[in-house]
Amino acid sequence: MTNVFKKRVRLLNSAHFKYVFNKFNKIYCKELIILERTNKLTFSRLGICISKKKIRHACKRNHIKRIIRESFRLIQNQLINSDFIVVINAQSLNISQKLLAEKIGKLWIYYYQ
């Protein structure tokens, strides 16, 4: 499997998100939270939650989403088969994109196979 962010590795509808939100394991830092729940698939999936109340501008929300997707894309083959939801806090605006990428990379380590 190549390192591509295909449609099948995304949490696309509310049923997928509810599955994770009902019962999850949580790892967090000041800027973000990763919720995880094991799935019965042979691959991991990713969902991203960023509130408009926390980050008002769409361009900033989209930029953060791109950083998260890229970090997931690079290590998705090394992760356990789970559904992940990344929830962003407003403090993520106060740090650089490089530091945000490093922090999420450190959190992904907890879910390596």
Side-chain angles (χ1 to χ4, degrees):
M1 183 176 185
T2 59
N3 289 337
V4 225
F5 193 67
K6 295 184 176 182
K7 191 172 184 176
R8 74 179 191 143
V9 299
R10 301 175 193 168
L11 297 178
L12 295 173
N13 57 38
S14 61
H16 295 156
F17 279 86
K18 284 180 187 176
Y19 173 76
V20 178
F21 281 127
N22 285 337
K23 187 178 180 183
F24 56 82
N25 298 318
K26 174 171 73 169
I27 290 185
Y28 60 92
C29 66
K30 193 166 82 171
E31 292 81 13
L32 55 99
I33 302 167
I34 297 180
L35 308 176
E36 176 266 338
R37 185 169 181 190
T38 306
N39 64 26
K40 295 178 182 169
L41 304 171
T42 59
F43 53 89
S44 298
R45 297 188 297 178
L46 175 69
I48 303 172
C49 289
I50 302 179
S51 172
K52 288 181 185 178
K53 288 183 180 180
K54 293 181 182 176
I55 301 176
R56 291 180 153 305
H57 301 286
C59 61
K60 292 179 182 177
R61 287 194 306 272
N62 292 335
H63 187 71
I64 292 170
K65 287 179 189 178
R66 273 187 242 116
I67 293 169
I68 294 167
R69 277 190 231 114
E70 180 65 12
S71 70
F72 179 79
R73 183 189 70 81
L74 293 173
I75 63 159
Q76 67 185 350
N77 295 333
Q78 300 162 351
L79 295 174
I80 58 174
N81 297 336
S82 293
D83 291 340
F84 298 99
I85 296 179
V86 179
V87 181
I88 299 297
N89 296 330
Q91 287 86 3
S92 62
L93 284 176
N94 301 332
I95 63 173
S96 69
Q97 72 180 48
K98 185 176 180 181
L99 187 59
L100 182 63
E102 286 176 13
K103 287 197 175 210
I104 193 164
K106 288 178 183 176
L107 291 178
W108 286 129
I109 291 172
Y110 291 102
Y111 297 114
Y112 276 14
Q113 289 180 344

message: So, taking the atom named OG1 in T38 and the one named NZ in K23, what distance separates them when rounded to the nearest 0.5 Å?
response: 9.5 Å
task: Answer yes if L41 and F21 sit in the same cluster of Ile, Leu, Val, Met, Phe, Trp and Tyr residues linked by side chain heavy atoms under 4.5 Å apart, and no otherwise.
output: no
query: Does S44 use its side chain to pair, donor to acceptor, with the backbone of I80 at less than 3.5 Å?
result: yes
query: What distance separates T42 OG1 from N81 CG, expressed to the nearest 0.5 Å?
result: 6.5 Å
field: Minimum side-chain heavy-atom gap Y112-I75 below 4.5 Å
entry: yes
message: Count I, L, V, M, F, W, Y as connected when their side-chain heavy atoms are under 4.5 Å apart, and connections chain through other members. Are V9 and L11 then in the same cluster?
response: no
- prompt: In the single-linkage hydrophobic clustering (I, L, V, M, F, W, Y; side-chain heavy atoms under 4.5 Å), do I88 and I27 co-cluster?
  reply: yes
- request: Over all heavy atoms of both residues, which pair between L100 and S92 is shortest? Give the atoms and the distance, please.
  value: CD1-CB, 4.2 Å
- prompt: Going by an N to O cut-off under 4.0 Å, is there a salt bridge joining R37 and D83?
  reply: no
- request: To the nearest 0.5 Å, tell me how far I109 CD1 sits from L79 CG.
  value: 10.5 Å
- request: Determine, for Y28 and K26, whether the Lys NZ or Arg CZ falls below 6.0 Å from the six-membered ring centre while staying within 45 degrees of the axis.
  value: yes
- request: Give a yes or no on whether L35 and I68 share a hydrophobic cluster (residues Ile, Leu, Val, Met, Phe, Trp, Tyr; joining criterion: side-chain heavy atoms under 4.5 Å apart).
  value: no
- line: Scanning both residues in full, the closest heavy-atom pair of N39 with Y19 reads CA-OH, 4.2 Å
field: Y110 OH: over 12 foreign heavy atoms closer than 6.0 Å
entry: no
message: Could you measure the distance from the NE2 atom of H57 to the NE2 atom of H63? Nearest 0.5 Å is fine.
response: 14.5 Å
query: If you measure from CG on L107 to CD on E31, what distance do you get to the nearest 0.5 Å?
result: 9.5 Å
task: Take F5 and R10 through the side-chain contact (heavy atoms from CB on, under 4.5 Å) test and state the conclusion after the steps.
output: CA-CA 8 Å; F5 193 67; R10 301 175 193 168; 3.2 Å; yes
query: Is it the case that one hydrophobic cluster holds both I33 and I48, taking links as side-chain heavy atoms less than 4.5 Å apart, direct or via other members?
result: no
- prompt: Going from CD on E102 to SG on C29, what distance comes out if it is rounded to the nearest 0.5 angstrom?
  reply: 12.0 Å
query: So among I64, V87, N89, which one has a side-chain contact (heavy atoms from CB on, under 4.5 Å) with I50?
result: I64
- prompt: Is a side-chain donor or acceptor of R45 paired with a backbone partner of L12 at a separation under 3.5 angstrom?
  reply: no
message: For I95 versus K103, what's the shortest heavy-atom pair and its separation?
response: CD1-CD, 4.5 Å
- request: Grab the two heavy atoms, one from R61 and one from R56, that are nearest each other, plus how far apart they are.
  value: NH1-O, 2.9 Å
Reference residue F84; test ring-ring contact (aromatic ring centres under 6.0 Å, His included); the match among W108, F43, F17: W108
query: Stepwise, does the side-chain contact (heavy atoms from CB on, under 4.5 Å) test hold for F72 with V86?
result: CA-CA 10 Å; F72 179 79; V86 179; over 6 Å; no
- prompt: Which heavy-atom pair separates I67 from Q97 by the least distance, and what is that distance?
  reply: CD1-CB, 3.4 Å
